[in-house]
Amino acid sequence: SLSEDSGEKMEDVDQVTLYSYKVQSTITSRMATTIIQSKLVNNSPQPQNVVFDVQIPKGAFISNFTMTVDGTTFTSAIKEKTVGRALYSQARAKGKTAGLVRSRALDMENFKTEVNILPGAKVQFELHYQEVKWRKLGSYEHRLHLQPGRLAKHFEVNVWIVEPQGIRFLHVPDTFEGHFDGVPVISKGHQKAHVSFKPTVAQQRKCSNCSETAVDGELVMMYDVNREEKAGELEVFNGYFVHFFAPENLDPIPKNILFVIDVSGSMWGIKMKQTVEAMKTILDDLRAEDQFSVVDFNHNVRTWRNDLVSATKTQITDAKRYIEKIQPSGGTNINEALLRAIFILNEANNLRLLDPNSVSLIILVSDGDPTVGELKLSKIQKNVKQNIQDNISLFSLGIGFDVDYDFLKRLSSENHGIAQRIYGNQDTSSQLKKFYNQVSTPLLRNVQFNYPHTSVTDVTQNSFYNYFGGSEIVVAGKFEPSKLEQLQSVITATAASTDLVLETLAQMDDLEDFLSKDKHADPDFTRKLWAYLTINQLLVERSLAPTAAAKRKITKTILQMSLEHHIVTPLTAMVIENDAGDERMLADSPPQDHSCCSGALYYGSRVAPGSIPSWANASPTPAMALPVVGAKPLESTPPPHVIRVEND
Amino acid sequence: PHFIIYLPKSQKNVCFNIDSEPGKILSLVSDPELGISVNGQLVGAKKPENGKLSTYFGKLGFYLQHEDMKVEISTETITLSHGSRSSQLSWADTARIANQRVLVSVKKEKTVTLTLGKEMSFSILLHRVWKKHPVNVDFLGIYIPPTNKFSPNAHGLLGQFMQEPKIHIFNERPGKDAEKPEASMEVKGQKLTVTRGLQKDYRTDTVFGTDVPCWFVHNSGKGFIDGHYKDYFVPQLYSFLKRP
């Protein structure tokens with residue numbers, strides 16, 4: 001028992017004691033680096049299997065893992081997948097395994113290590129991973145999945161949030177049903193905040209004399225940064241720059257939206273019920289200047305209206321009534337349904353029935369693969385691409401795990417949208433609504449980021465079809481500090497009724513003293529964020545690559561970057577070995593889920609960073625050179641005895 | 001607010017100032033024929049000095065009726081409204097908003113330039129003060145070039161001078177205060193006593209401004225402006241001036 005030094009008595013019902021479980025996260029300007037460390041000791045007279053099983057956000061990149069077993073340290077190295085496997089097969093660790101497995105949870109992956117340790121032996125695990133925070137519905141969320149599995153003598157979570165723009169609010173919702181009320185301690189300053197969560201052993205107990213831990217869930221932090229002052233934030237540091245853009249004080253752009261809903265037999269039951277419930281709320285949220293219609297499909301394709309209708313109260317009531325009556329049955333003809341939706345929007349556009357300042361969206365909701373009509377997914381994708389006009393964005397929501405999610409992702413990514421997986425259960429409705437709310441308020445169209453200076457290179461996607469209120473567009477790139485004193489950016493976009501040009505200048509040393517002052521700030525955040533963004537975008541570009549050669553080229557770049565930035569991506573694996581190199585474990589990521597920037601709302605494109613649209617170059621006559629009535633500076637020098645006349 | 005009127009034909013600067021109550025809105029330019037109005041709303045200093053509360057322009061409103069466009073410029077934000085839609089920027093941005101013929105260009109923490117096509121432009125300067133100053137508040141300045149083509153019926157405290165009045169200044173003499181020469185000015189059939197003084201042009205030196213010598217008209221410009229300054233109060237930021 002270890003209780004003598006902590007004063008707390010721990011039963012020895014458990015042969016393995018969790019001596020400490022520590023989680024530390026640092027979020028610097030949306031770039032989050034998390035370390036999970038666990039120390040255990042085998043108290044029993046028998047060898048014991050010890051498991052280190054943590055959930056990390058899908059799309060996070062693991063950057064390091066170390067394990068110390070009875071003084072023998074295993075360190076990790078990132079290798080190309082096949083190389084990693086070869087190394088592993090040469091020297092399999094005995095009684096030890098490691099691996100990344102796909103979890104059934106919506107947006108998590110499991111990193112699991114299992115090791116067999118001798119009586120009295122100690123083991124320490126430490127995992128590092130990094131991820132980017134995407135702004136959704138007006139805030140960033142940082143989720144830490146805590147599942148130590150047993151009571152921990154020392155349990156502590158520390159999260160530091162460092163945001164140069166200033167933290168507008170920070171909220172830690174109760175996600176443990178009140179069990180840890182008052183335990184999370186929040187301290188928040190203007191640009192920095194700290195959340196600590198350090199339950200004692202007694203507080204960890206499910207009940208006063210239980211030996212199970214109640215620490216089994218997610219600690220969630222929600223925050224946003226200050227935006228009133230400026231629409232965009234350009235942060236430069238260490239030869240990289242990151243550009244955040246999330247203007248708010250703009251009027252919503254009218255949208256023409258078509259809901260394409262799968263009503264095939266497989267939707268029967270809770271899926272359809274939840275979808276109908278969501279649609280009723282979504283329709284209520286439409287604005288008066290929006291136009292909409294509903295296409296529902298199984299082996300047949302039906303429409304509520306054959307063309308777009310203004311979102312008046314009466315029309316919305318009628319559409320809701322139509323949706324409530326839907327009875328799911330039959331097969332799934334995605335191809336025809338999408339082509340019908342595209343036809344309706346194209347027709348309206350050709351007949352000039354659309355507000356020239358509006359945006360057009362299609363939201364596809366489906367829970368399965370096509371079973372009727374065109375079945376070949378690549379053909380469907382091609383049909384859509386050939387028919388859809390450039391002013392339409394396609395978003396796909398795949399319910400459950402029978403739908404080919406990769407197909408939906410490709411389908412949306414190449415049509416200015418994204419795909420999202422929806423869990424088919426009792427909160428399908430809230431997931432559908434939450435997704436819709438992310439695209440319900442288009443504020444800008446054709447947003448383009450330009451960095452006119454030639455020494456700016458490797459810019460990530462910098463041209464975006466839409467910008468939706470509550471979200472944020474992030475662009476990053478490289479520059480040569482020796483050649484620049486300040487970095488200039490020009491963002492061009494079109495709002496509801498105006499064209500917008502936003503110029504930002506960032507000084508080279510803007511962040512220097514800010515970051516140097518805070519030991520928790522990650523001085524490397526710009527490089528990490530750039531790498532994260534670039535690799536994720538390349539992953540999707542790879543899935544859309546038109547030729548094998550193009551795909552190979554992208555694969556090569558991703559691999560090079562993954563190795564250079566020491567992160568586990570779908571193309572690399574982590575080899576964990578002891579000093580002698582005669583014992584190895586292998587952890588490689590789930591192969592099939594090349595999700596781009598999970599949580600990001602945008603898939604954009606790249607345009608030359610210096611190509612500012614011509615209309616944005618027309619600048620007015622310089623303000624200072626204006627001759628004016630009443631205040632024209634005179635050349636004559638006033639007689640010395642004249643003094644100021646203040647006023648009457 | 002202080003007014004400086006430059007009269008190109010007589011090559012003279014005439015100045016006056018008006019102090020009124022915070023919240024009052026003064027008509028600067030009112031041109032119903034072109035559908036253009038420019039009004040300024042007064043903001044007061046934090047407290048009186050020497051028993052007198054100074055007032056400044058804290059907000060300017062431009063109404064371009066034919067474009068159905070309103071631009072409100074305060075010391076915090078710049079809002080362009082077109083019909084029912086609006087876009088807002090802050091003085092912390094360097095940005096341009098354009099809609100049809102109207103272009104609003106913001107230079108961070110310095111100036112806003114509002115242009116209407118090629119024929120009209122206005123320049124607005126932001127004067128930021130130390131936030132904790134016990135008396136001073138942020139305020140705005142507006143500059144209107146003589147090249148702006150208003151209709152002959154344009155009016156308002158500035159608009160009326162788009163048609164240059166004839167003035168004759170004579171009998172320059174030492175003033176009551178030896179250091180402030182005085183003179184007589186005949187204008188609009190009136191004979192006024194004016195005082196030689198200095199005002200400021202902040203466009204080139206935004207902190208200290210450039211001295212502009214001028215003949216100062218007393219009593220809130222009485223005699224030099226048509227009627228009384230109170231005639232120029234308007235109810236809304238986008239109102240046109242009602243003339244007798």
*asked:* What part of B:Ser81 gets within 4.5 angstrom of chain A, counting heavy atoms only: side chain, backbone, both, or neither?
replied: neither

*asked:* Quick check: closest heavy atoms across B:Ser20 and B:Thr55, and the distance to 0.1 Å?
replied: O-CG2, 2.9 Å

*Salt bridge check: are B:Glu164 and B:Lys12 linked by an N-O gap of less than 4.0 Å?*
no

_Contact origin within A:Ala495 toward chain B - heavy atom pairs under 4.5 Å_ = side chain

*Verdict with supporting geometry, A:Glu163 and A:Tyr140, side-chain hydrogen bond (donor to acceptor under 3.5 Å, both in side chains)*: CA-CA 12 Å; A:Glu163 287 286 356; A:Tyr140 306 94; over 6 Å; no

*Please look at B:Leu80 and chain A and tell me whether the side chain, the backbone, both or neither of the residue comes under 4.5 angstrom of a heavy atom of that chain.*
side chain

*B:Glu172 and B:Arg196 ion-paired at < 4.0 Å*: no

*Taking every heavy-atom pair that is under 4.5 Å apart, which of A:Leu250, A:Ile491, A:Thr498 has the most such pairs with chain B?*
A:Thr498

